[in-house]
Every structure is written in C-alpha cells, then in structure tokens.
Amino acid sequence: MALEGVLLGMGNPLLDISAVVDEDFLKKFDIQLNNAILAEDKHKSMYDEMAAKFNVEYIAGGATQNSIRVAQWLLQVPGATSYIGCIGKDKFGQEMTKNSKDAGVNVHYYEDENTPTGTCAVCVVGGERSLIANLSAANCYKVDHLKKPENWALVEKAKYFYIAGFFLTVSPESIQLVAEHAAAKNKVFLMNLSAPFICEFFKDAQEKALPYIDYVFGNETEARTFSKVHGWETDNVEEIAIKISQWPKASGTHKRITVITQGADPVCVAQDGKVTLYPVILLPKEKLVDTNGAGDAFVGGFLAQLVQEKPIAECVRAGCYAANVIIQRSGCTYPEKPDFH
C-alpha cells in the first residue's frame with residue numbers, strides 16, 4: 001500500500017514552552033488545569049516569568065502537528081504525512097522546520113515576515129497540564145497559501161485529512177475548502193472538538209464544518225461543553241457521542257464516527273446509534289510525567305492505523321498505545337522507534 005502523502009494535517013504550529021510550575025503561578029495568572037485557552041493581556045508577562053522561575057523545555061507543538069508527528073512516527077514511512085500551518089521567519093520557526101523534517105513529516109509552512117512563531121505555555125502541576133497559546137504567526141495563515149499549486153497538490157494527494165478544532169479560530173475558509181474537496185472525492189475528513197472554548201465561542205464555525213466531518217474526536221469535558229452549548233441537557237458522554245455521530249452529514253459516503261477519550265476511563269466510540277467502550281492502558285501514578293499531548297498522541301496513533309484501513313478496534317488500540325508512551329515523557333515526544341505490534 002502506497003502511504004506517501006496519505007495523511008495531511010492543517011493547524012497552528014506552536015513551540016511548546018513547558019515547565020512544572022506551582023499552584024501560586026496558576027493562581028497568579030488565573031490558570032485552570034486540564035484546560036486550553038488563548039493568551040490574553042493578563043498572560044503577557046507569563047512566558048518570561050516561566051522561563052526565569054522554572055526549568056523550561058522547548059518542544060515543537062501545536063495540537064494538529066503533534067498528532068501528525070505521532071502518526072508519522074508509528075507509520076515509519078518517510079513523507080507518509082504532510083502538514084500545513086503558519087510560522088514566523090525566526091529562530092523558533094527554523095527550529096520547528098528542522099524538527100518536523102527530521103521526524104519525516106513533509107511540512108509546507110507559510111512563513112510570515114512580520115510576526116514571531118507562535119508559542120504555547122504548558123503549565124504542569126501534579127502531572128496535569130494547562131495550555132495557554134499565544135498564536136502569533138499561527139494566527140496569520142491565509143487560504144491563498146493553501147491554493148498555491150505546490151500546496152494544493154498535498155490536498156490532491158492525501159486520502160485522509162486531520163484538522164484540530166483550534167484552526168477554526170484562524171482559517172475556517174481553508175477548513176471549508178479541504179472539507180468540500182474530501183466530500184467531493186469520497187476522502188476521509190477528521191476533526192477534533194479540541195477545547196471547551198472552541199465549542200462555546202466558535203460554535204458557528206464548528207457547526208459549519210460538522211456536516212463534513214467523518215470522525216469527530218474529543219475528550220469528555222469538550223463533549224459535555226458541546227452538549228451544553230447545543231441545549232442537549234445531558235452530561236452522559238455516551239449519549240452525547242451518539243448525538244454527535246447522528247448530526248446531519250454533507251456526504252453519505254462515510255457514516256460519522258465519534259471518538260471520545262476520558263483520561264483513565266474507557267474510550268467511547270459511537271457509530272450507527274451504538275456505543276463501544278475500549279479500556280485504556282492504565283499507568284501507575286508514579287510513571288506519569290505529564291498529560292501534555294496525550295489527546296493529540298491518541299489521535300496520531302488512531303490515524304496511523306486508519307490510513308492503513310485497519311478496523312476501529314486496532315485504531316483505538318494504537319491510540320491508547322501512543323498516549324501511554326507520551327504521558328511517560330515530557331511534552332509530545334517519543335522514543336526513536338515505536339514498539340506497537
């Protein structure tokens with residue numbers, strides 16, 4: 001099976017600035033664990049303070065890019081995956097390009113001359129993470145870049161597309177273009193709910209994309225927020241997963257499948273009005289380093305099997321394997337070779 005260029009991701013490439021912080025730091029900058037938000041004015045001084053006060057690591061990140069890199073790692077076929085997003089013309093941008101190319105991902109970044117590469121503060125307390133993203137250049141992605149022949153060629157070549165919900169805040173037009181292409185050509189289009197704030201404040205953009213989405217990913221908090229925003233009056237993750245899977249579709253080729261992760265609780269997969277629960281690999285607390293990238297890694301593992309046309313149970317198993325590897329390391333990083341069989 002020819003896997004070159006089979007999977008294309010599009011999103012916000014960010015450099016993770018990761019550190020184990022303390023409760024006072026969380027309080028000072030009004031940060032909640034297990035959340036993901038966009039930086040506001042009150043967070044401006046936080047990045048420098050983090051670097052000054054704590055032991056900081058710089059890791060290539062951004063939700064979609066994490067998932068694509070993990071899929072690439074599991075596939076072990078150079079160039080099986082491609083990725084599009086916007087970075088700055090700066091040191092961080094150069095580092096990210098080198099990092100991604102070394103990982104085997106075919107990156108086509110749009111480089112913004114005037115804006116620095118985006119960063120994301122990853123604040124870790126007791127293994128749980130909170131993300132505060134300063135999108136900067138990532139926010140400057142333009143649909144014109146996607147339409148250039150050398151970039152649209154990646155779309156033509158791919159059979160699977162994955163875009164995290166975070167990209168809805170940047171370029172819904174780009175999402176719509178790829179979604180319509182996928183529907184017209186019977187390709188597979190996947191997205192992620194990504195964060196409660198996306199479900200709440202980017203509801204219209206999310207709803208516009210939803211009819212095109214063949215696989216919806218998310219975690220239990222995001223699923224419950226989605227339910228609340230749509231007035232469904234249920235907190236039951238299984239019910240919500242079914243309702244999302246039954247949302248009307250733009251093309252009838254693929255039935256929608258909803259995949260909701262629940263931390264250490266089973267993964268909930270809804271299709272055809274039924275739910276299947278898949279247990280995750282449990283990890284002793286002392287082995288947990290941080291949960292940063294766990295959800296992204298799950299999607300990456302899932303995708304690596306899906307593009308090989310493996311059954312859902314295998315996709316989930318690979319997702320759980322990848323997440324288990326990533327939570328035992330700092331950030332969304334992995335050993336040189338996978339040992340998933």
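Fair warning: this is a prediction, and the values are worked out from it, not measured in the lab. Every heavy atom of this structure was used, including side-chain atoms; hydrogens, water molecules and symmetry mates were not.
Within the 3.5 Å criterion, the main-chain N or O of Ser194 finds a donor-acceptor partner in the side chain of Asn192. Between the Gln72 side chain and the Ile68 main chain, no donor and acceptor come within less than 3.5 Å of each other. Side-chain N or O atoms of Lys187 include one that pairs as donor or acceptor with a backbone N or O of Ala158 at under 3.5 Å. Between the side chain of Thr258 and the main chain of Ala241, a donor-acceptor pair closer than 3.5 Å is present. For the pair Gln328 (side chain) and Leu288 (backbone), a donor-acceptor distance under 3.5 Å is absent. Using modelled atom types, one side-chain atom of Ser67 and one backbone atom of Asp296 make a donor-acceptor pair closer than 3.5 Å. Side-chain atoms of Thr117 come within 3.5 Å of backbone N or O of Gly88 as a donor-acceptor pair. Checking side-chain atoms of Glu309 against main-chain N and O of Leu306 turns up no donor-acceptor pair under 3.5 Å. At distances below 3.5 Å, not a single donor-acceptor pair connects side-chain atoms of Arg256 with backbone N or O atoms of Gln271. Formation of a donor-acceptor pair under 3.5 Å by the Tyr83 side chain with backbone atoms of Ser100 is not found in this model.
Aromatic ring pairs are classed by plane angle as parallel below 30°, tilted from 30° to 60° and perpendicular above 60°; the pair Phe226 and Trp247 is perpendicular. Relative orientation of the Tyr110 and Tyr141 rings is perpendicular, given thresholds of 30° and 60° on the angle between their planes.
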Check the pair Ser130, Asn35 against side chain to side chain donor-acceptor pair (under 3.5 Å), reporting the backbone distance first and the verdict last.
CA-CA 5 Å; Ser130 189; Asn35 201 5; 5.8 Å; no
Side chain to side chain donor-acceptor pair (under 3.5 Å) between Tyr58 and Thr119, intermediate numbers included
CA-CA 9 Å; Tyr58 296 91; Thr119 50; over 6 Å; no
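Side-chain contact between Ile327 and Leu283 is present, with at least one heavy-atom pair separated by less than 4.5 Å. Side-chain contact between Leu135 and Thr169 is present, with heavy atoms from C-beta onward closer than 4.5 Å. In this structure, the side chains of Phe92 and Pro116 stay at 4.5 Å or more apart for every pair of heavy atoms. Looking only at side-chain heavy atoms (C-beta outward), Ile87 and Gln94 stay at 4.5 Å or farther from each other. For the pair Phe29 and Met50, the minimum side-chain heavy-atom distance is 4.5 Å or more. Residues Val307 and Lys159 fail the side-chain proximity criterion, which asks for heavy atoms closer than 4.5 Å. Looking only at side-chain heavy atoms (C-beta outward), Val6 and Leu3 come within less than 4.5 Å of each other. Contact check for Arg224 versus Ile240: side-chain heavy atoms found under the 4.5 Å cut-off.
Defined by atom type and a distance below 3.5 Å, a donor-acceptor pair is present between the side-chain atoms of Thr234 and Glu239. Defined by atom type and a distance below 3.5 Å, a donor-acceptor pair is missing between the side-chain atoms of Asn219 and Thr261. Side-chain contact annotation: Lys208 with Gln176, donor-acceptor N/O pair under 3.5 Å absent.
Ion pairing between Arg317 and Glu314 holds under the 4.0 Å rule for side-chain N and carboxylate O. Taking the charged nitrogens against the carboxylate oxygens, Lys98 and Asp102 do have a contact shorter than 4.0 Å, which makes a salt bridge. Salt-bridge check for Lys249 with Asp214: passed, with a basic side-chain N closer than 4.0 Å to an acidic carboxylate O. Ion pairing between Glu49 and Lys28 holds under the 4.0 Å rule for side-chain N and carboxylate O. By the 4.0 Å N-to-carboxylate-O rule, Lys89 lies too far from Asp112 to be salt-bridged with it. For Glu173 and Lys142, the salt-bridge test fails: no basic side-chain N is under 4.0 Å from an acidic carboxylate O. The pair Lys203-Glu207 meets the salt-bridge criterion, with a side-chain N (NZ, NE, NH1 or NH2) lying under 4.0 Å from an Asp/Glu carboxylate O.
Close placement of the Phe302 and Phe217 rings is indicated, their centers lying within 6.0 Å of each other. Checked against a 6.0 Å centroid threshold, the rings of Phe189 and Tyr212 do not count as neighbours. For Trp152 and His145, the distance between ring centers is not under 6.0 angstrom.
Leu146 is not connected to Tyr162 by any chain of hydrophobic side-chain contacts under 4.5 Å among Ile, Leu, Val, Met, Phe, Trp and Tyr, and they are in different clusters. Hydrophobic clustering of Ile, Leu, Val, Met, Phe, Trp and Tyr side chains at less than 4.5 Å, counting indirect connections, keeps Val216 apart from Val269. In the hydrophobic clustering of ILVMFWY residues, with side-chain heavy atoms under 4.5 Å counting as a link, Leu14 and Ile59 come out apart.
Taking a 4.5 Å side-chain heavy-atom cut-off between Ile, Leu, Val, Met, Phe, Trp and Tyr, the cluster of Val237 extends to Ile260. Through direct or relayed side-chain contacts under 4.5 Å between Ile, Leu, Val, Met, Phe, Trp and Tyr, Val20 connects to Val122, Val124, Leu131.
The nearest pair of heavy atoms linking Pro13 to Cys86 is CG-O, 3.4 Å.
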